[in-house]
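So that the names make sense, note that chain A is the first sequence line, chain B the second, and so on, each numbered from 1.
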Amino acid sequence: MAFLIVAPHRLNGYFVNLIYITLVYVGLAYGWNIISGYAGYFSFGQITFFGLGAYATGFAINAFHVYWMLAALAGGILACAFAFPLGYVMLRLRGPFFAMGMFGMAQTVRVLITALPATGAGAGLFLPPGSDVTSVYYWTLAVALGAIALTIWIDRSAFGLRLQALREDEQVAGTLAVDVTRDKIAAFALSALIPGLLGGGFIYFLNYIEPDAAFSSRFDLQSIVMAILGGVGTVWGPLIGGVLMTQISEALWAKFPQFYLMLFGGLLVALLILLPHGIVPALKRRYE
Amino acid sequence: MSDDLLVVDDVTIAFGGVVALHGVSLTVRTGEVFCLIGPNGAGKTTLFNVISGLLRPSAGDVRFCGDSILGWPPHRIARAGIARTYQIVRPFSALSVLDNVAVGALAFTSSKREARLQAREIVEFVGLGAQASRRASTLTLTQRKRLEVARALALRPKLLLLDEVMAGLTPTEMDAMAEFILELGARGIGAVCGVEHVMRLVMRISHRIVVLDAGRCIAEGDPKSIQADARVIEAYLGAPVREAL
Amino acid sequence: MTVVQLVVNGLLLGGVFALSALGFNIIYGVMRVVNLAHGDVVVIAAMVCALAFGALGLNPLVLLPVAVAGGFVLGAAIHRLLLRRLPAETASTEASSLTLTFGLSFFLAGGGLALFGGSFRSVPFLTGAFDVGGISIPQAKLLAFALALVLAAALAAFLRFTAAGCAIRATSQHLEGALACGVDIDRVRTLSYGLGTAVAAAAGALMSMIYNLNPQMGVQFTVNAFAVVVIGGLGSYAGCVLGALVLGLANAFTSYFVGASLAEAAPYVLFILVSLLMPSGLLGRRTA
C-alpha cells in the first residue's frame, strides 16, 4: 500500500505507467465483476461507460475549463446516471442476449460518437496539452481502491446476498421478496460508475481519446479474462487476476503485438477449460 | 368475511390457444389447510404461478387479505405474506443452505447478520442444522424439499403455497410432512397444497379440497364429500368405475 | 425505382445472411451455445477465397466444397477439443460456453489479422450486372443468392431425410428424449458444430464475391446471424430464412438512407430491438 502511494515519486516513468495500467484494468475488472460476477448478468459491453466517462470528461474540460478531476467525477456520475435508464431496458434481456446486447450498445455508442462532429468524430477529442501524470495516478489508485472497498461491502451486505440470489434464480428470488428489478439496476449502475470514473482519468492521461480506443471491445475482453482468472463473483479475484494478467498482457504486447488479440482470446478459452473457477476459489478449496 | 385470507375469483388464463385455467375460484381461510388435487397438467402449478405473481391471468381477480394483488410484482406479493415452494426444487445452488434461507429473511431486515440469525432458527427447525454451511447443490432431494419449505418460512408467511411437497418422498417422510402442514394451522398460517395423488394424506390433513381437472374446478368440499364425488373418481380413474366393474 | 432496387439488393443479400444464420441456428438449437465465433469463420473463409483467387486464380465456386469441408473439420475440432472440455460442473454452462466462443472469436479475428493483415479484400468475379427494366442485378450477387438457397435447401434435406439429420433435430427439440432413444448426443453435437461451421464457411465463400471484407469484421456477421435468428425465432429454420430477408432489406435501406458510417450500427440496434420487442421471434416456439 505504502509502495503504491510513494511509487510515482520513487519509480521511473515506465514502472509508474505499468502500475497505472494495472490499476485501470483492476478497476475495470472490479466494475465488471459487480454486474456479471455477483448479479450474473455477463456483459460484453461495460466499456460503454468507460468511453462515456472519457468523452464527458473531455467535453467538460474543453467547454467549461474545469479542473480535470471535477470533470472526471462528473463523467463518472454521468455514466452511472445513464446506466439507470439503460439498465431498465437492457436488463430485460438475459444470458447471451444481454451479453451481446451490451456489446452492441458499446458499438452503437462508438458509431454515434464517430458520426458526431462535436466529439471530434473519428479523429478523436483533444485536450489542452500538458497533463499531470501523478494526479491521474492517484485518481486511478483511489478509484481502484474504492472499487475494492465497494466489492467488500457488497460481499458482506444484504444487497450482495440479494444479487447472488437473483444470479442463481431470478424468479425464485422474486418470490422470496427480492425486488429483482431494483437490485439489478442498482448493481448495473455501480458497475457503470467505476469504468466511468476511470475513463475520465484515461483521457486526461493520454490528453486525447478516439472512439475506437474509448469503446474498444478489447478492454471488455481483458477485464473478463482478468475476472475469470482470479475468480468471478469473488472479492479478491479481480485484483489477483488483474495484476497477473496486466503483466502478461504488457509482455505479450511488447513481444508479439501482431499476435496479441489472438493470444489473449486463446488465453480466455484455455482458462475456461483449465481453471474455470479461477484462482481464488481454487485456493479456497485447497485450504478448506 | 374477515377471515378470508385468499380469494381466487373466476381466474382464467390461456397460453396461445390452450386454456390452462378456466374460471377457477376458491377461498382459503386463516389457519386452514386447503388441498388442490388433480392429475398432472390439471393447472395446479399454473394457479400457484398466478397467485405468486409470476403469471398474469387474462380474466378474474386474486385478493389477499382483502386487497387485489393482481399485477403486483412477485416480491411485493411475497412481502405481503404469500410464500411458495416449487414442485421442481430450485435451490440457489452456489449459496450455502443458510444463505438460501437468509434471502427470504431479508424481507424484514436489511442486515445480513440478522437475516442469518433468523435463518439459523428455521434451518434447525426443518432439520437441516447439520447442513447449514454446505452449498445447496450438495443436498439430497429430500433435503432440498426441506430447504424449499425453509426458504418460504423465512418470509413469515400468512399463506404458504406448497407445490407437490409430497412428490418423491418416502412414506415416512410424507407422514412427517403431513404433521408439519398440520402444525402450520396451529401457528395461524394458511396453507394451500397442490397434490397429485397420495389421497390417504390429503384426506387426513385437509380442511377443504378443490379438485382441478384440465383447468376447471370440478368439485369442492370437505374430504368426505370429495371422496364420494363421482366426477372426482372419473377424473382420477378415467372411466365410470361402476360400468367397468 | 430506387425502392425496387433497394428491395432487390436487400433480398439478394438476405439469401446469404440466411445461409450464415442457418449454421448459427443449428449450433444454438442442438447445443444451446450462442456461437460468437461464427462471423469470424465467415470472414476467414472469405479471406482465404480472396487470397486463393488472387494467387491461384481459383474462383469461389471451385472453393465452395473446400470451404465446406474445411469448415466442417474446423468446427468438429472446436467442439471436440474445446467446448466438450468445459467442465460440466460449471454451474452456468450457458455463460461459460458463451464466454468461450467470445474468446474464440478474438482468437480467430486476431489470427486472421496476423495472417491476412487488416486490408479489405474481395473476389472480383462475375463483376457484370443484368439489367431488368432499369433494375440492376449484379451477377455475383445473384449467383451468391442462388447458391445460398441451394445450400440451404440441401441442408434442410439433410436434416429432414437422413438419420444424422433426424438425430440433430431430435436433440434440438428434446435433449432427454433424444438421449432416451439412444442418440449419441456427443457425436450429434460434434456433427452439429461441424455442420454449423461448414455452413458459415460456405457463406463466407459466397460473401467474398459480394462484400469487401477484412478480418476484423467477423463480429458484424455474428451479430447479423444472431439478429436473424432472434427475428425468426430461436430454433425455427423457416423463421431463419424470413428473418434473414428482413435483415437484408433493413441493411440495404439503412445504408442507402443513413449512409455507410451510421449503418454500421444497424445490426446492433436491430439486434437489441428485436431481442427486447419480440423475444420469441416471428415463427419461434412459444414457451409458457
Contact part of [X] toward chain C, heavy-atom cut-off under 4.5 Å: side chain, backbone, both or neither?
{"X": "A/F103", "answer": "side chain"}
{"X": "A/S217", "answer": "both"}
{"X": "A/F264", "answer": "neither"}
{"X": "A/I228", "answer": "side chain"}
{"X": "A/I224", "answer": "side chain"}
{"X": "A/V89", "answer": "both"}

* Asked: So does A/R218 pair up with A/D212, basic N to acidic O under 4.0 Å?
  ->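 No.
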
For the residue pair [X] and [Y], categorise the inter-ring angle as parallel (less than 30°), tilted (30 to 60°) or perpendicular (more than 60°).
{"X": "A/Y41", "Y": "A/F98", "answer": "perpendicular"}
{"X": "C/F271", "Y": "C/F226", "answer": "tilted"}
{"X": "A/F188", "Y": "A/F49", "answer": "perpendicular"}
{"X": "A/Y55", "Y": "A/F215", "answer": "parallel"}

* To do: Measure distances from C/L36 to the heavy atoms of chain A and classify the residue's part below 4.5 Å as side chain, backbone, both or neither.
  => side chain

Would you mind telling me which of [options] has the largest number of heavy-atom pairs within less than 4.5 Å of chain C?
{"options": "A/F97, A/F259, A/F44", "answer": "A/F44"}
{"options": "A/T114, A/V109, A/L261", "answer": "A/L261"}
{"options": "A/Q258, A/M100, A/M105", "answer": "A/M100"}
{"options": "A/R110, A/M102, A/R167, A/R92", "answer": "A/R110"}

* Side-chain donor-acceptor pair under 3.5 Å between C/N35 and C/T101, yes or no? -> no

* Taking atom OH of C/Y256 as the centre, report whether more than 12 heavy atoms of other residues, nucleotides or ligands fall under 6.0 Å from it. => no

* Structure fact -> chain A shares the most heavy-atom pairs under 4.5 Å, among C/V223, C/L82, C/L104, with C/L82

* What do you reckon, are the aromatic ring centroids of C/F106 and C/F102 less than 6.0 Å apart? -> yes

